[in-house]
Visitor: 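Take this structure, written in structure tokens, and hold onto it; I'll ask about it next.
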There are 2 protein chains.
Amino acid sequence: MSTPPPKTDPSPPEAAGFPGPSQISYLLARAGGQVVRHLNRELQPHGLRSRHYSVLVLAAVSVGRTQRELSITLGIDPSGIVAIVDDLEREGLVRREASVGDRRTRLVVTTDAGRRRLAEAEPAARRLDETLLVALDDPEREVLRRLLLRLVVD
Amino acid sequence: MSTPPPKTDPSPPEAAGFPGPSQISYLLARAGGQVVRHLNRELQPHGLRSRHYSVLVLAAVSVGRTQRELSITLGIDPSGIVAIVDDLEREGLVRREASVGDRRTRLVVTTDAGRRRLAEAEPAARRLDETLLVALDDPEREVLRRLLLRLVVD
DNA sequence: TATTGTTATACTCTATAACTATA
DNA sequence: TATAGTTATAGAGTATAACAATA
């Protein structure tokens, strides 16, 4: 009779020949860094950086977001949002509009120029998913996407 | 009779009520940012930042690594490695040793003080995996870990 | 009193280029 | 010529604190 292969350790210190730390948090930090670097490079021809792109996407999806919402959703400090929206507004890609209910808040809304810019840049961002995830097949990507969604919502 | 729930779209533009873009690259960037922020906060009492911690871990696992190896494995620019190793050396946590074969390279080796510091800090880093991944059960974490490993190796 | 947006500041990180010493 | 390490520098990102307007 054949002895069953030993159960793999659920959290081995080193895995699969990867020489670095294999803790999930480390791997996430590393993968995230890769993404930002690549994304910045891909977006450069379109005059956007990853953070500006995120804000532009998010403001475009809804009719308008308060800067506070953008800050919370994107995990960027409110003062960082101000700087990013300043940049985008200077280029005419978003407008700050007065909010009806609360005169403290200012709604960030995407302009037509912003939507055009987004349409130009989007393929570059989608291409990133392709090149970065080349090691994974479609079902694996979907699994990864769902797991990450649950992490990021928090 | 109950109608079966509709099959979920394998790659919907928006998913599960999450307000942001649900592209994997975006989610990775976001999760990675969270990790680095949390990790830096957890490590602060131990006088380490996430990059210093990574280098310390990596140098401790083996008998010594060239700075070039550290640079490639951690995805940090060689000039960044110099700065980090300078910091660690100043605190006596690592030493730079001459390499036998190649007099250009310098091996980064962890000192006893470095190993002690690592032992102090490690629980904080492991705690991160716990708090950050609270939404996922053990098998899910293992799936995520393996997928990320394949992404990061590249 | 608490919150939204804003400004200011210091520090860390990233990206590049140039330089040196060795190979 | 090419590679390992180093230095210098500019720009981007992060973290904090303080402030004015408004709730």
Side-chain angles (χ1 to χ4, degrees), chain A residues 29-44 47-55 59 64-91 94-109, chain B residues 29-45 47-55 59 64-90 94-109:
Chain A
R30 184 114 165 57
Q34 281 183 3
V35 168
V36 172
R37 268 191 298 278
H38 285 240
L39 192 53
N40 280 336
R41 209 165 295 165
E42 292 282 346
L43 290 176
Q44 187 170 348
L48 292 172
R49 297 191 60 80
S50 64
R51 290 150 45 105
H52 297 73
Y53 178 74
S54 313
V55 167
R65 304 263 187 171
T66 69
Q67 296 189 189
R68 184 63 44 170
E69 283 175 319
L70 293 173
S71 168
I72 292 170
T73 303
L74 297 175
I76 297 173
D77 191 87
S79 62
I81 296 290
V82 170
I84 296 168
V85 174
D86 281 352
D87 292 342
L88 293 174
E89 200 173 35
R90 198 176 310 117
E91 290 203 60
V94 301
R95 266 194 325 272
R96 280 188 245 237
E97 283 188 5
S99 173
V100 284
D102 187 335
R103 273 190 299 174
R104 291 173 303 180
T105 69
R106 311 181 67 182
L107 259 39
V108 179
V109 307
Chain B
R30 184 118 164 54
Q34 280 183 4
V35 167
V36 173
R37 268 192 298 280
H38 285 241
L39 192 53
N40 280 335
R41 209 167 293 166
E42 293 281 346
L43 291 176
Q44 187 169 350
L48 292 172
R49 297 190 59 80
S50 64
R51 288 151 45 107
H52 296 73
Y53 178 75
S54 314
V55 168
R65 304 265 186 169
T66 70
Q67 298 188 189
R68 184 63 42 171
E69 283 175 319
L70 292 174
S71 169
I72 292 168
T73 304
L74 297 175
I76 297 172
D77 191 87
S79 63
I81 295 289
V82 170
I84 295 168
V85 174
D86 281 351
D87 292 342
L88 293 173
E89 200 172 36
R90 199 176 309 118
V94 301
R95 266 194 326 273
R96 281 189 242 236
E97 283 188 5
S99 174
V100 285
D102 187 334
R103 274 190 300 174
R104 290 173 305 180
T105 70
R106 310 181 68 182
L107 258 38
V108 179
V109 306

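Note on naming: letters A, B, ... go to the chains in the order of the sequence lines (proteins, then strands), and numbering restarts at 1 for each one. Everything quoted here is computed from the prediction, not taken from an experiment.
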Visitor: Starting at atom CZ of B:Arg96, determine the distance to atom P of D:dA4, rounded to an integer number of angstrom.
Guide: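 Interatomic distance, CZ of B:Arg96 to P of D:dA4: 16 Å.
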Visitor: Strictly distance-based, threshold 3.5 Å: is any side-chain N or O of A:Arg65 a donor or acceptor partner for the main-chain N or O of A:Ser71?
Guide: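 It does not hold such a pair.
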Visitor: Reading DNA chain C 5' to 3', which nucleotide is the first, and which the last, to come under 4.0 Å of any heavy atom in chain A?
Guide: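 First-to-last contact on DNA chain C, by the 4.0 Å heavy-atom rule, is C:dT3 to C:dA15.
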Visitor: For B:Asp86 and D:dT6, what is the distance between atoms CG and P respectively, to the nearest whole Å?
Guide: 7 Å
Visitor: Please write out each protein N/O paired with an N/O of nucleotides 18-23 of chain D under 3.5 Å, distance rounded to 0.1 Å.
Guide:
| from | atom 1 | to | atom 2 | distance (Å) |
| --- | --- | --- | --- | --- |
| D:dA23 | OP1 | A:Arg103 | N | 2.9 |

Visitor: Measure across A:Leu107 and A:Ser99 and return the closest heavy-atom pair with its distance rounded to 0.1 Å.
Guide: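 Smallest interatomic distance, heavy atoms only, reads CD1-CB, 4.1 Å.
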Visitor: If the condition is salt bridge (charged side-chain N to carboxylate O under 4.0 Å, His left out), which residues does A:Asp77 pass it with, not counting sequence neighbours?
Guide: none
Visitor: Of all the nucleotides listed (D:dT6, D:dG13, D:dA15), which has the minimum atom distance to the side chain of B:Arg106?
Guide: D:dT6
Visitor: From CD1 of A:Ile81 over to P of D:dT16, roughly how many Å is that when rounded to an integer?
Guide: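 Nearest whole value for this atom pair: 17 Å.
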Visitor: Choose from D:dG13, D:dA15, D:dG5 the nucleotide whose nearest atom is closest to any side-chain atom of B:Arg41.
Guide: D:dA15
Visitor: Nearest 0.5 Å, please: how far is CZ in A:Arg41 from CD in A:Gln44?
Guide: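 Between A:Gln44 CD and A:Arg41 CZ, I get 9.0 Å after rounding to 0.5 Å.
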Visitor: When all nucleic acid strands are considered with a 4.0 Å heavy-atom cut-off, which category describes A:Thr66: base, sugar-phosphate, or nothing?
Guide: sugar-phosphate
Visitor: Would you please name every residue forming a salt bridge (charged side-chain N to carboxylate O under 4.0 Å, His left out) with A:Arg51, sequence neighbours left out?
Guide: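 Result, salt bridge (charged side-chain N to carboxylate O under 4.0 Å, His left out) vs A:Arg51: none returned.
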Visitor: Take atom CG of A:Asn40 and atom P of D:dA12, then tell me their distance rounded to the nearest Å.
Guide: 10 Å
Visitor: Check the phosphate of D:dT14 against A:Arg51, side-chain N and O only, distance under 4.0 Å to OP1 or OP2. Yes or no?
Guide: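 Affirmative; the distance criterion is met.
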Visitor: Output yes when a side-chain donor or acceptor of A:Asn40 lies under 3.5 Å from a complementary backbone atom of A:Arg49, and no otherwise.
Guide: no
Visitor: Starting at the 5' end of DNA chain C and moving along, which residue's nearest nucleotide shows up first, A:Pro78 or A:Gly33?
Guide: A:Pro78
Visitor: Given A:Ser54, which partner from the list A:Leu74, A:Ile76, A:Leu39, A:Ile84 fulfils the side chain to side chain contact (heavy atoms under 4.5 Å, CB included) test?
Guide: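 Looking at A:Leu74, A:Ile76, A:Leu39, A:Ile84, the match for A:Ser54 under the side chain to side chain contact (heavy atoms under 4.5 Å, CB included) is A:Leu74.
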Visitor: Under the rule for side chain to side chain contact (heavy atoms under 4.5 Å, CB included), what residues qualify as partners of A:Arg106, not counting sequence neighbours?
Guide: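 Testing A:Arg106 for side chain to side chain contact (heavy atoms under 4.5 Å, CB included), a comparison that skips the adjacent residues, returns A:Arg96.
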Visitor: With a non-hydrogen cut-off below 4.0 angstrom, is A:Arg68 in contact with a base, only sugar-phosphate, or nothing?
Guide: base
Visitor: To the nearest Å, give me how far apart CD (A:Gln44) and P (D:dG11) are.
Guide: 13 Å
Visitor: Could you state the atom-to-atom distance from NE2 of A:His52 to P of D:dG13 in whole Å?
Guide: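 For the pair A:His52 NE2 and D:dG13 P, the rounded distance is 7 Å.
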Visitor: Does B:Ser79 or B:Ile84 map to a spot on DNA chain C nearer the 5' end, using the closest nucleotide for each?
Guide: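 Its nucleotide being nearer the 5' end, the pick is B:Ile84.
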Visitor: Mind calculating the distance between CG (A:Asp77) and C1' (D:dA15) to the nearest angstrom?
Guide: 7 Å
Visitor: Run the side chain to side chain contact (heavy atoms under 4.5 Å, CB included) test against A:Arg68 and tell me which residues pass, sequence neighbours left out.
Guide: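 In terms of side chain to side chain contact (heavy atoms under 4.5 Å, CB included), with neighbours along the sequence ignored, A:Arg68 is linked to A:Thr66, A:Ile72, A:Pro78.
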